[in-house]
Amino acid sequence: MLRFFSRQEKQILSLSVTRHLFSTAAAVPTTITASSNLYSKYSFVPPPSFKPQNPNSTQPHSQSPPKKQPKPRYRPPSSLDRTGEKPVQSSLPFDFRFSYTESSTEVRPIGLREPKYSPFGPGKLDRVWTGVCAPVVDPKVGSAEDEKTVKEKRRVMRERIQGEPLTNAERKALAETCQRHKSKRQVNLGRDGLTHNMLNDIHNNWKHAEAVRIKCMGVPTVDMKNVCTQLEDKTFGKIIHRHGGLLVLYRGRNYHPKKRPVIPLMLWKPHEPVYPRLIKTTIDGLSIEETKEMRKRGLAVPALTKLAKNGYYGSLVPMVRDAFLTEELVRIDCKGLPKSDYKKIGCKLRDLVPCILVTFDKEQIVVWRGKNYKPSENGFFLTEREPFDDSNNDSDNREEENESRKGIPGDSDYDSGESD
């Protein structure tokens, strides 16, 4: 007969069954761990770093890792840091200046704005910094004979690097490869002119090409003749093409990039020294009332031209010379230009035209031709292109060109046959 359990008996039966199962489950691991080797094969062994070590034990642990040395603290590079390096020695036979076109050796400053700290860094150069330049010959020890030796060394070095002059065909081919549509390689010459660090940029470009394009802008373009002279003198190169402010500088036949001169770099721009005032209270030969009246008239005359910022000012000197043929005062509008820029332009006009500076008020340059003004004998017009054709080279080609140009008056006087 089937026995029917009551509800209370079912609960008591289920509790007894669960107690029996828990008791048997608790007894099983003890028998397994005692009889099997699973624990010894697959158990986790903690690394030595997690094992507690007795600080009183004298024997070092065999598995302890070596102590890692701490990293040194980061020290940013500093130009004032002297690490025992030897000073840089350069064999360039000329004085190191910040700018070679905007500073003149003839004009001496009346003072310095800062102590004579070398812009190359203390102890980094074997030359003494005078506050304006680092002379190749020590001024305390040097003599006139040393200066002649330096000039001769410069001339010999340039002739050795240049070698034989280029023919007209070679020059035109190099100038064509440096045009804008052929090459993007270019060095920009701005308001500071030919700076010392720019020499390093030119030599870096000469590693990959025989010639480099130089674009001149701003104040230095007032005197392009000085820019070309300083470029050839300081780089020992040769200008083979000029159109306005664009120049092509050739490195020379015997130039070797691995034997380039050592050029120490300036780490910061030195302060400009103190020069005498450009505008005097009274103009020489005039009284105070006449000077005031001249300044008022100068600001009222029509402007000769308006200078654009970072433009090309190569035609400014001929324009002022032409204006002085009929006018006594000339005004040049310089609105938008930095004050230092139009002061430098006025200083260049004073020396090149020549003329007398009247005022810089209201961003204007007013110049006076003087009482005893004589026109310059150099002419009044500046050619935009400079001919570089040499009659001694390619004589056959020149004869053919001359024959083909017969009947064209004045064509061979100014046309250089170069493309922009």
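Remark: the Arg260 side chain and the Asn200 side chain contain an N/O donor-acceptor pair separated by less than 3.5 Å. For the residue pair Asn197 / Thr195, no side-chain donor-acceptor distance below 3.5 Å is found, with atom types taken as modelled. Side-chain N/O atoms of His181 and Glu176 include a donor and acceptor closer than 3.5 Å. Under 3.5 Å, the side chains of Glu170 and Asn168 contain no donor-acceptor pair of N or O atoms.
Using cut-offs of 30° and 60° for the angle between ring planes, the His196 and Phe120 rings count as perpendicular. By the 30° and 60° cut-offs, the orientation of the rings of Phe360 relative to Tyr342 is tilted. Ring pair Tyr373/Phe324 is perpendicular by interplanar angle, where above 60° counts as perpendicular and below 30° as parallel.
Scanning for salt bridge (charged side-chain N to carboxylate O under 4.0 Å, His left out) contacts around Asp223 gives an empty result, with sequence neighbours left out. With sequence neighbours excluded, no residue forms a salt bridge (charged side-chain N to carboxylate O under 4.0 Å, His left out) with Arg127. The salt bridge (charged side-chain N to carboxylate O under 4.0 Å, His left out) check on Asp333 picks up nothing, with sequence neighbours excluded.
The local environment of OH in Tyr117 is sparse, with at most 12 non-hydrogen atoms from other residues, nucleotides or ligands closer than 6.0 Å. In Glu328, the CD atom is crowded: over 12 heavy atoms of neighbouring residues, nucleotides or ligands sit closer than 6.0 Å. The neighbour count for Glu114 CD, taken as heavy atoms of other residues, nucleotides or ligands under 6.0 Å away, is above 12.
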Original post:
Where do Gln364 and Lys335 land on the side-chain contact (heavy atoms from CB on, under 4.5 Å) test, with the steps shown first?
Top reply: CA-CA 7 Å; Gln364 309 291 318; Lys335 288 185 179 179; 3.8 Å; yes

Subject >> Worked check of side-chain contact (heavy atoms from CB on, under 4.5 Å) between Leu231 and Ile214 >> reply: CA-CA 10 Å; Leu231 275 171; Ile214 300 176; 4.0 Å; yes

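The shortest side-chain heavy-atom distance between Cys216 and Met224 falls under the 4.5 Å cut-off.
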